[in-house]
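Computation of the quantities below employed the complete heavy-atom set of this structure, encompassing side-chain atoms and omitting hydrogens, waters and symmetry-equivalent molecules. The chains referred to below are lettered A, B, ... by the order of the sequence lines, with proteins before strands, and numbering in each begins at 1.
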2 protein chains.
Amino acid sequence: MTVEDGTSPTPGYCADTGTDYDVSQWDTREGCEVRQILDRVADKWSLLVIALLERRTLRFTELRRAIDGVSQRMLARTLRHLERDGLVSRTVYATVPPRVDYRLTDLGCTLHETIKSLVTWTEAHQSEIATARATYDRRTAAEQAEAERAAAERDAVARRVLTELG
Amino acid sequence: MTVEDGTSPTPGYCADTGTDYDVSQWDTREGCEVRQILDRVADKWSLLVIALLERRTLRFTELRRAIDGVSQRMLARTLRHLERDGLVSRTVYATVPPRVDYRLTDLGCTLHETIKSLVTWTEAHQSEIATARATYDRRTAAEQAEAERAAAERDAVARRVLTELG
DNA sequence: CGGTATCCCCTAAGATACTG
DNA sequence: CAGTATCTTAGGGGATACCG
């Protein structure tokens, strides 16, 4: 079967740290639900698939064309994962040529709603983020320039000393 | 400088598909804000760091010990990214031994609030997900068993034919 | 059409060692 | 203590070929 799976059946203990606040919810280890869902949500193509499917039911090839850049393999994998988690349902019609429809389940819809709040947050704060990045980049660039200047100076001093000695 | 960076300055066009609903918001390409934030939120350690820092300011080593499994390199990288995005602030005290404090910015706090809704969603639906997975796994296991049985049968028929012919 | 199976590459992340 | 630099490895993901 060559298990190349996303949610491997690791031992998965999650309740370990005896702190008052449940940080274990954020644990990176497999077996932690939040982590699993987050990984599913965050992987390269899932979001696009979910966003597209909320609008209407789509066939495999329709998704493939809509997404632009996704390989057949990755789209299939993504859909299998979403299906396994109950977020997307798969309907096969025994016609010829075969036809397979994908649609968001109710669960998938509620997840999409939740994700949207993250989108909303991003939209609301993207200018702040952009500013922060610009500031950070400017500062680090300045620091690097200064470091190089200092290094050059040390070098010059070293050369001068050697010349005087030689 | 050996740019091993998360948010590379790719050309990054985002507004392309002329559809009514802004699916481009979900695009996987760099330059898409939602994607960038999601990547930041979703990567292996960021969430843990954010969750821990909301409780109180922490030093590098405190984070390192608290997280368990993070390498020094990855923690440093994660913190640099979060700092660049303005989610975490870094304070260096010119003492000896050196001391560096990390704390969540206001922006970081609001993000944490937003992320919590995803945690809430997960908590609310994790039993549904577990059920979906169990159902899926049972079904696929059954399908595989059936496929193997059918293959064995075909094999037996083939052998019998060969025997009768020989 | 709607997929699997196979190969392969490249990068992200871990391990290790060194520095201010 | 709080990092950076360097090397190495695992696996995510693309390309290709084939199957029902």
Side-chain angles (χ1 to χ4, degrees), chain A residues 1-8 10 28-30 39-40 42-46 48-49 57-83 88 90-102 140 143-144 146-147 150-151 154, chain B residues 1-8 10 28-30 39-40 42-46 48-49 57-81 83 88 90-102 140 143-144 146-148 150-151 154:
Chain A
M1 202 181 186
T2 323
V3 179
E4 187 202 316
D5 200 1
T7 52
S8 52
T10 39
T28 51
R29 278 170 287 232
E30 316 303 315
D39 285 346
R40 180 98 322 103
D43 75 31
K44 206 172 176 185
W45 308 109
S46 290
L48 245 343
V49 170
T57 293
L58 289 170
R59 302 177 58 174
F60 187 87
T61 311
E62 289 177 320
L63 279 167
R64 189 152 159 51
R65 268 196 298 268
I67 290 181
D68 172 76
V70 73
S71 66
Q72 204 168 20
R73 178 177 182 271
M74 287 318 294
L75 181 55
R77 266 176 61 88
T78 302
L79 288 167
R80 285 309 83 77
H81 286 324
L82 292 173
E83 187 194 359
V88 158
R90 178 169 175 272
T91 315
V92 183
Y93 298 97
T95 60
V96 47
R99 174 198 180 93
V100 180
D101 278 1
Y102 291 95
T140 53
E143 279 164 12
Q144 169 145 6
E146 167 58 19
R154 278 197 308 280
Chain B
M1 201 183 186
T2 323
V3 179
E4 186 201 313
D5 201 0
T7 53
S8 53
T10 39
T28 51
R29 277 172 289 234
E30 316 304 316
D39 285 346
R40 183 72 61 251
D43 75 33
K44 206 173 176 186
W45 309 109
S46 289
L48 244 345
V49 171
T57 293
L58 289 170
R59 302 176 59 173
F60 188 87
T61 310
E62 288 177 320
L63 280 167
R64 187 149 160 54
R65 268 195 297 268
I67 292 182
D68 172 75
V70 72
S71 66
Q72 206 167 19
R73 179 177 181 272
M74 288 318 294
L75 180 56
R77 267 177 62 85
T78 302
L79 288 167
R80 286 307 85 77
H81 287 323
E83 187 193 358
V88 159
R90 179 169 175 271
T91 314
V92 183
Y93 298 96
T95 60
V96 47
R99 174 199 181 92
V100 180
D101 277 2
Y102 291 95
T140 52
E143 280 165 11
Q144 169 146 5
E146 166 56 19
E148 273 163 13
R154 278 198 307 280

Give the rounded distance in Å between these two atoms: [atom1] of [X] and [atom2] of [N].
{"X": "A:His81", "N": "C:dT4", "atom1": "NE2", "atom2": "P", "answer": "11 Å"}
{"X": "A:Glu62", "N": "C:dC1", "atom1": "CD", "atom2": "P", "answer": "11 Å"}
{"X": "A:Glu143", "N": "D:dG3", "atom1": "CD", "atom2": "P", "answer": "12 Å"}
{"X": "A:Arg77", "N": "C:dT4", "atom1": "CZ", "atom2": "C1'", "answer": "12 Å"}
{"X": "A:Leu63", "N": "C:dG3", "atom1": "CG", "atom2": "C1'", "answer": "14 Å"}
{"X": "A:Asp43", "N": "C:dT11", "atom1": "CG", "atom2": "P", "answer": "20 Å"}
{"X": "A:Glu83", "N": "C:dG3", "atom1": "CD", "atom2": "C1'", "answer": "13 Å"}
{"X": "B:Leu75", "N": "D:dT4", "atom1": "CG", "atom2": "P", "answer": "11 Å"}

Toward the 5' end of DNA chain C, by each residue's nearest nucleotide, A:Pro97 or A:Arg80:
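Counting from the 5' end, the first nearest nucleotide belongs to A:Pro97.
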Looking at every strand, decide which applies to [X] at a 4.0 Å heavy-atom threshold: base, sugar-phosphate, or nothing.
{"X": "B:Arg59", "result": "sugar-phosphate"}
{"X": "B:Tyr102", "result": "sugar-phosphate"}
{"X": "B:Arg64", "result": "nothing"}

Rounded to the nearest 0.5 Å, what's the gap from [atom1] on [X] to [atom2] on [Y]? Could you check?
{"X": "B:Arg64", "Y": "B:Leu58", "atom1": "CZ", "atom2": "CG", "result": "14.5 Å"}
{"X": "B:Phe60", "Y": "B:Gln72", "atom1": "CZ", "atom2": "CD", "result": "5.0 Å"}
{"X": "A:Asp39", "Y": "A:Asp43", "atom1": "CG", "atom2": "CG", "result": "8.0 Å"}

Taking only residues two or more places apart in sequence, or in another chain, which ones meet A:Thr78 in a side chain to side chain contact (heavy atoms under 4.5 Å, CB included)?
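Here the qualifying residues are A:Trp45, A:Ser46, A:Val49, A:Leu82.
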Not counting sequence neighbours, which residues clear side chain to side chain contact (heavy atoms under 4.5 Å, CB included) with A:Thr61? List them please.
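A:Thr61 satisfies side chain to side chain contact (heavy atoms under 4.5 Å, CB included) with A:Arg65 only.
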Examine D:dG3: is either OP1 or OP2 under 4.0 Å from a nitrogen or oxygen in the side chain of B:Arg90? Give yes or no.
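So the side chain of B:Arg90 is within the cut-off, an N or O lying under 4.0 Å from OP1 or OP2 of D:dG3.
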Is there a side-chain polar atom (N or O) of B:Thr61 under 4.0 Å from OP1 or OP2 of D:dA2?
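Answer yes for this pair, as a side-chain N or O of B:Thr61 is under 4.0 Å from OP1 or OP2.
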Which heavy-atom pair separates B:Ile67 from B:Leu75 by the least distance, and what is that distance?
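Nearest pair, atom of B:Ile67 first, then B:Leu75: CD1-CD1, 4.3 Å.
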Would you kindly compare B:Ala76 and B:Arg65 by the position of their nearest DNA chain D nucleotide and give the one closer to the 5′ end?
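Residue closer to the 5' terminus by nearest nucleotide: B:Arg65.
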Side chain to side chain donor-acceptor pair (under 3.5 Å) partners for A:Arg90, two or more places apart
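Testing A:Arg90 for side chain to side chain donor-acceptor pair (under 3.5 Å), a comparison that skips the adjacent residues, returns A:Tyr102.
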Can you list everything that forms a side chain to side chain donor-acceptor pair (under 3.5 Å) with A:Arg99? Sequence neighbours excluded, please.
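Once residues adjacent in sequence are excluded, the partners of A:Arg99 under the side chain to side chain donor-acceptor pair (under 3.5 Å) criterion are A:Asp101.
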Letter by letter from the 5' end, nucleotides 14-20 of chain D scores (B base, S sugar-phosphate only, - none; protein heavy atoms under 4.0 Å) BB----B
How sharply is the helix from C:dC1-D:dG20 to C:dG20-D:dC1 bent, taking the axes over five pairs at either end and rounding to 10 degrees?
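Computed from the C1' atoms at both ends, the axes differ by 50°.
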Is the shortest side-chain heavy-atom distance between A:Leu79 and A:Glu83 below 4.5 Å?
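No - every pair of side-chain heavy atoms lies 4.5 Å or more apart.
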